[in-house]
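Owing to the predicted nature of the structure, the values given are computational and were not obtained by experimental measurement.
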Amino acid sequence: MLYNINVKYILHLYYDWSDDLKNVIKELRKERKITQDEFAAALGVTRQTIISLENGRYNASLVLAHKIAKFFGRSIEEVFIFEGE
């Protein structure tokens with residue numbers, strides 16, 4: 001089912017440099033002046049998930065990536081940045 005596929009996996013199917021996936025979640029969250037707890041509650045995830053996302057230790061599922069992008073009024077590509085060649 002598509003819901004369980006993460007963004008990094010999908011990108012790996014198309015790009016050899018999927019390890020270069022970064023995000024600007026922390027910066028966007030701080031611009032909005034919301035806490036990790038508030039952001040987690042809005043997305044329906046735990047604070048630990050937000051911490052892991054912001055530190056690059058966890059890659060969002062496609063559904064979560066969409067929720068994050070929608071929350072900030074951005075496209076997924078604006079939130080999740082590819083720093084590959």
Side-chain angles (χ1 to χ4, degrees):
M1 187 173 223
L2 182 62
Y3 296 109
N4 294 325
I5 299 174
N6 72 34
V7 173
K8 190 173 185 178
Y9 174 76
I10 291 171
L11 294 172
H12 181 70
L13 297 175
Y14 298 101
Y15 303 103
D16 291 335
W17 41 266
S18 63
D19 287 335
D20 296 329
L21 179 63
K22 310 293 182 216
N23 70 67
V24 294
I25 295 170
K26 186 174 188 175
E27 292 83 357
L28 293 171
R29 179 181 60 78
K30 287 188 171 204
E31 282 177 11
R32 289 257 180 120
K33 297 180 180 171
I34 60 172
T35 67
Q36 290 174 331
D37 284 323
E38 292 168 333
F39 188 42
L43 296 175
V45 299
T46 65
R47 181 172 173 259
Q48 186 59 45
T49 298
I50 301 304
I51 291 167
S52 294
L53 283 165
E54 290 183 352
N55 291 328
R57 292 190 311 259
Y58 173 73
N59 290 301
S61 68
L62 186 55
V63 171
L64 181 55
H66 182 265
K67 285 182 181 180
I68 292 167
K70 186 175 177 181
F71 180 88
F72 292 119
R74 306 284 179 105
S75 68
I76 291 175
E77 293 83 5
E78 291 174 304
V79 177
F80 296 91
I81 312 296
F82 310 105
E83 295 183 339
E85 295 177 19

Applying side-chain contact (heavy atoms from CB on, under 4.5 Å) to Lys26 and not counting sequence neighbours gives Arg29, Lys30, Glu54
With sequence neighbours excluded, tell me which residues meet side-chain contact (heavy atoms from CB on, under 4.5 Å) with Glu27. Val24
Gap between atom [atom2] of [Y] and atom [atom1] of [X] - 0.5 Å precision:
X	Y	atom1	atom2	value
Gln48	Leu53	CD	CG	10.0 Å
Asn23	Ile76	CG	CD1	12.5 Å
Leu62	Phe80	CG	CZ	9.5 Å

With sequence neighbours excluded, what pairs up with Arg47 under the side-chain hydrogen bond (donor to acceptor under 3.5 Å, both in side chains) test? Gln36
Considering residues at least two apart in sequence or located in another chain, which fulfil the side-chain hydrogen bond (donor to acceptor under 3.5 Å, both in side chains) criterion with Glu78? Ser75
Ile51 and Ile68: same hydrophobic cluster, using ILVMFWY side-chain contacts below 4.5 Å? no
Could you tell me whether the side chain of Phe72 reaches within less than 4.5 Å of the side chain of Glu31, counting heavy atoms only? no
Contact list for residues 59-73, test salt bridge (Lys or Arg N to Asp or Glu O under 4.0 Å), sequence neighbours left out: none
Test: ring-ring contact (aromatic ring centres under 6.0 Å, His included). Region: residues 41-64. Which pairs qualify, not counting sequence neighbours? none
Of all the heavy-atom pairs spanning Ala60 and Ala65, show the shortest one and how long it is. CB-N, 3.8 Å
Test: Arg32 cationic atom under 6.0 Å from Phe39 six-membered ring centre, within 45° of axis: no
Would you tell me whether Thr49 and Thr46 have side-chain atoms, one donor and one acceptor, within less than 3.5 Å of each other? yes
